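Naming convention: chains lettered A, B, ... in sequence-line order (proteins, then strands); numbering from 1 in each chain. Owing to the predicted nature of the structure, the values given are computational and were not obtained by experimental measurement.
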Amino acid sequence: NMSEQKTNKEQRYDRQLRLWGDHGQEALENAHTCLLNASATGTEILKNLILPGIGAFTIVDGHKVTGEDVGNKAQAATEFLQELNSDVSGNFVEESPDKLLDNDPEFFHRFSLVIGVQLPESTCQRLGAVLWSAGVPFLVCRTYGLVGYMRLVVKEHTVVESHPDNALEDLRLDQPFTELRNHISSYHLDSMDKKDHSHTPWIIVIAKYLEKWYNEHNCQLPKNYKEKEVFRQLIRDGIRKNENGAPEEEENFDEAIKNVNTALNPTKISSTVDDIFNCVQCENITSQTSAFWMMARGVRDFVQNEGNGSLPVRGTIPDMIADSDKFINLQNVYREKALQDAAVVSKHIQSHLQAVGKVINTNKIQFLHCAAFLRVVRCRSLAEEYSTDTFQKDTITSCMDSPDSEMVLYLMLRSVDRFYQQHSRYPGVYNYQVEEDISKLKLCVNSLLQEHGLSVNVKDDYVHEYSLI
Amino acid sequence: MVQLVGPLSKELSDSVSSCKILVVGAGGIGCELLKNLVLTGFKNIEVIDLDTIDVSNLNRQFLFQKKHVGKSKAQVAKESVLRFCPSANITAYHDSIMNPDYNVEFFRSFQLVMNALDNRAARNHVNRMCLAADIPLIESGTAGYLGQVTVIKKGVTECYECQPKPTQKTFPGCTIRNTPSEPIHCIVWAKYLFNQLFGEEDADQEVSPDTADPEAAWNPEDTAARATASDQDGDIKRVSTKDWARSTGYDPVKLFNKLFKDDIMYLLTMDKLWKKRKAPVPLDWAEMLQLANPQDEGCGTGLKDQQVLNVGGYSRLFQHSVETLRSQLADKGDGAELVWDKDDPPAMDFVTAAANLRMHIFSMNMKSRFDVKSMAGNIIPAIATTNAVIAGLIVLEALKVLNSDIQQCRTIFLNKQPNPRKKLLVPCALDRPNPNCYVCASKPEVTVKLNVHKTIVQALQDKILKEKFGMVAPDVQIEDGKGTILISSEEGETEANNGKMLSDFGIRNGSRLQADDFLQDYTLLVNVLHSEELPKDVEFEVVGDAPDKAPPSKAPEEEKSITNGNKDSAQPSTSSKAVVEEDDLLIVDSDEEPSSSTADVSTETSSLKRKHQDAETGEAASKRKRLDQQSADDDDDIIALD
């Protein structure tokens, strides 16, 4: 029963839905993640993805398990992890990551995310190259005693709902669209009765006083603090007075005064979104273009044509003091404009799709509400990080100068990888070899520094510490 | 060469496997912690939790599965841990840590205590028990993506109560009963209504029109006259809401008409209230039925919980939930009571419906069930990841304590995003104890401002000593040279005093009361400052306490810029400081919300945003110095939890 299932999920996931919302949950449930090596760290990561209900996971591990759970590690881990949440589909492949890379590199293309834990440097680099070109995000994880390391490698990660911390409302008071202008005109603050006056939404209050302001200020918005202060006073003077001349309590006017600062921000497109419009992916639409870029292009077309330089209207307004009818009417003005704009964007998208002969199902409305918050995240590739040509030598050198920098841990982990690559084991695994391992690890540190032309000093303490784990 | 066992020295590894530790709480942090402890090599663990497992725990409390719902958290946690670590020696208590059985002796039997709690009362209590027993305590909390761990050691560090914390926000009775202006007022009213109808009746939770509202009367004499009058006529101040409801057989239509029509019409007669406010509009049952949309019963697109029904839909929901609760009550037999629980669907439906109907009556925008639940249940979002990080840090701090390295211990904040110095985890040095702390100072003393002619002994016991000063079973003696016993924790000794005023016992300005809690091994000297000028609805004030006299804040300016004016950026934001010596402890309370029986909804819930895409703001964090300025200021991104 669908409805019952929905209720169960709502109950089970209630505490996280309040954090990332139903869109976040949907994204999680549509994701399929791959874990390479079912180590303690790897299974811990999966546990924290399975509990909140990731769609599916696949464990790749060629190791055998000894002891009670004798058998294959990938299978054993999958069975135990599966117990955590029956909504999640668990799969395993009993093979080493290297073998899989040899035989079927395309195997990895299907995932939303690949997590590699404790991979040898060579495997990491090979896999990194495969995933980079397939556009699959790769999370490299390593733990070593009490030190841990995590690095995300993704060529391009597009975000529709970035949930910015300081999002301003999109009210267009500086450039009201026709319907909004008409709606504002339907209010007559002076002739209203007292109750209506004190239940007029603050957006209307500001818009009304802005008209007055424009008459005296050559149609320029109040710009600096001083002008905004004067504008606030203008609103304050508009509060009704009682028979004794004292101002009445009008909370909607208080709200208007409080909101002057942000509500009068000129409507403009952020540089982040503008950069997205200027990306080559947005320019050259092909049959390979992803839904994100197709929609970004539709929005750009809107901005450059019907929008006259502005994004589609977001269509939401904040809660405010107002009676229900006034609030709903105002909300509808914004909402209907947003729907109209969305239809225009959609038309642009359709024409591009038609031109390249493609069909994409997109949630246009959702996208439009977020047009101002589009983000693209890009990382450096592992190849760039490891190549001696593109290695960020200067950054590393300057970090090593600062005493509390953790860069030395990075260099030590790279040296430990090198140790593993040479000796097929980590330093310090056998107590009797510790002294020997210290000098071997020191050689690795030195060769790493030398190869990369780094003239920095790694204290022996670190070498000792890392040989002891 | 040092001998190593894994990454630990032989010595430390030995103390790990031989020590005995207490884990208080087997919830979100507790589950992760127990796993980490046994995998680190801890062998002797006692775990206590009074709670049972709920479906909403399963997204993070991984030691529990669907088949365990309703069972003891401590017990199931123990069994699950033993499945993967059979050699561990775990004792589970399905009990409250505040039970007197867990006395100072009990606490002394551990080397270390770790809190994994979700409410301030228990945290205060364990703090005192650990101080009394002189056992180190690791305190922790999470909220959404945010978390904190700290170490408390008697005489060395601040204790949990060294800095005053805000009390829960309460609303004046007449706002709830007569003139709600925000949705939270209607939600609180609906929760009161649930208890008045189905649960434990509480005189402080009246829902009927308040005829003694000072604002409603034309002059003060009138107020008194009306109040007396209403005591006598059985019309509005009825025998009891519950008796009346029972006499109707919990008829949903009769209840509806009484609550949403007749009572509102009565409110309208208090015309002075509506001179400046928009007057409420009574609802008519028959009209509501016309409005109800049959499709609301099914499920549309998106999450059902997040839809806002029309007023007809909420009338229907009111009817259905009353019917369900009525039969639940009947099933429990005579004299039974229901306990409101946000995770109990009919109870939550009832509050959603009643609150929304009232919001509509008072011209507010109605809220979805999801949003009402957030506010009514004081819900703090929670995920496994944050709890796992915090539990990991608890173990690292525990290792330092066992290594006698308390100087290396830190308070650690987990941020949502890396701070400007690119740190997600921000360690801060521990503060020295506050010499004026009313808990851990050598002779704790406080000054309380109250009106001795208006404060009854019961209020001194319940609201001041228990609620404010966290005592569990106080004994109070007046320092009047005679040693008069005002309150005894022994049953039957001083109950006769409960209803009497403090002044009846000769208590006046300057009187000193000695309050003892035998269990907590804690004595507090209370100086009485008599005052006739306390604000309306304030029974007492602790002199020098928040919010008027916060301890001097050494907050650097940059922090303000990070946190100001936007509640979305609820960050602990110890951020840009190298080593933080300030008193800016983040108090993130709890993986979970306080017990649902807490009637007063605190401020922070009211600042939880309503729109779903903003649900992230539900996360909450605060620093003590900011907490002191706690207010219902919606613009403040710092949200206190408890």
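Interface residue B:Lys423: only side-chain heavy atoms are found under 4.5 Å from chain A. A:Glu251 does not touch chain B: none of its heavy atoms, backbone or side chain, sits under 4.5 Å away. In this structure, no portion of A:Lys9 lies under 4.5 Å from any heavy atom of chain B. For chain B, the nearby part of A:Ala322 is the backbone; its heavy atoms alone come within less than 4.5 Å. Contacts of B:Leu396 with chain A are made by side-chain atoms alone, with heavy-atom separations under 4.5 Å and no backbone atom involved. With a 4.5 Å cut-off on non-hydrogen atoms, B:Lys66 touches chain A through its side chain but not through its backbone.
A distance of 12.5 Å separates CG of A:Leu84 from CZ of B:Phe64, quoted to the nearest 0.5 Å. Atom CE of B:Met364 is separated from atom CZ of A:Phe327 by 13.5 Å, given to the nearest 0.5 angstrom. With values rounded to the nearest 0.5 angstrom, A:Gln16 atom CD is found 9.5 Å from B:Thr385 atom OG1. For the atom pair CG of B:Asn57 and CD of A:Gln11, the computed distance is 11.5 Å after rounding to the nearest 0.5 Å. Once rounded to the nearest 0.5 Å, the distance linking OH of A:Tyr13 with CG of B:Leu58 reads 9.5 Å. Rounding to the nearest 0.5 Å places CG of A:Leu17 at 10.5 Å from OG of B:Ser374.
Within 6.0 Å of the CE atom in A:Met192, the count of heavy atoms belonging to other residues, nucleotides or ligands exceeds 12. Counting non-hydrogen atoms of neighbouring residues, nucleotides and ligands closer than 6.0 angstrom, the NZ atom of B:Lys422 reaches no more than 12 such neighbours.
Note: A:Lys47 leads A:Glu249, A:Lys194, A:Lys47 in heavy-atom pairs under 4.5 Å with chain B. The residue among A:Glu250, A:His199, A:Glu406 with the most heavy atom pairs within less than 4.5 Å of chain B is A:His199.
Salt-bridge check for A:Glu44 with B:Lys35: passed, with a basic side-chain N closer than 4.0 Å to an acidic carboxylate O. One finds a salt bridge joining A:Arg15 and B:Asp343 here, because a Lys/Arg side-chain nitrogen approaches an Asp/Glu carboxylate oxygen to under 4.0 Å. Note on B:Asp54 versus A:Arg12: no salt bridge recorded, every NZ/NE/NH1/NH2 to OD/OE distance being 4.0 Å or above. For the pair B:Arg83 and A:Glu83, the salt-bridge criterion is met [side-chain N within less than 4.0 Å of a carboxylate O]. Under the 4.0 Å criterion applied to side-chain N and carboxylate O atoms, B:Lys373 and A:Glu10 are not assigned as salt-bridge partners.
For the pair A:Arg18 (side chain) and B:Gly144 (backbone), a donor-acceptor distance under 3.5 Å is absent.
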- request: Evaluate the criterion side chain to side chain contact (heavy atoms under 4.5 Å, CB included) for residue pair B:Phe62 and A:Ile50; output intermediate values, then yes/no.
  value: CA-CA 10 Å; B:Phe62 76 104; A:Ile50 292 165; over 6 Å; no
task: Give the intermediate values and the outcome of side chain to side chain contact (heavy atoms under 4.5 Å, CB included) for residues B:Val55 and A:Asp14.
output: CA-CA 9 Å; B:Val55 184; A:Asp14 183 86; over 6 Å; no
- request: Determine, stepwise, if the pair A:Asp319 / B:Glu182 fulfils side chain to side chain contact (heavy atoms under 4.5 Å, CB included).
  value: CA-CA 11 Å; A:Asp319 269 359; B:Glu182 291 171 32; over 6 Å; no
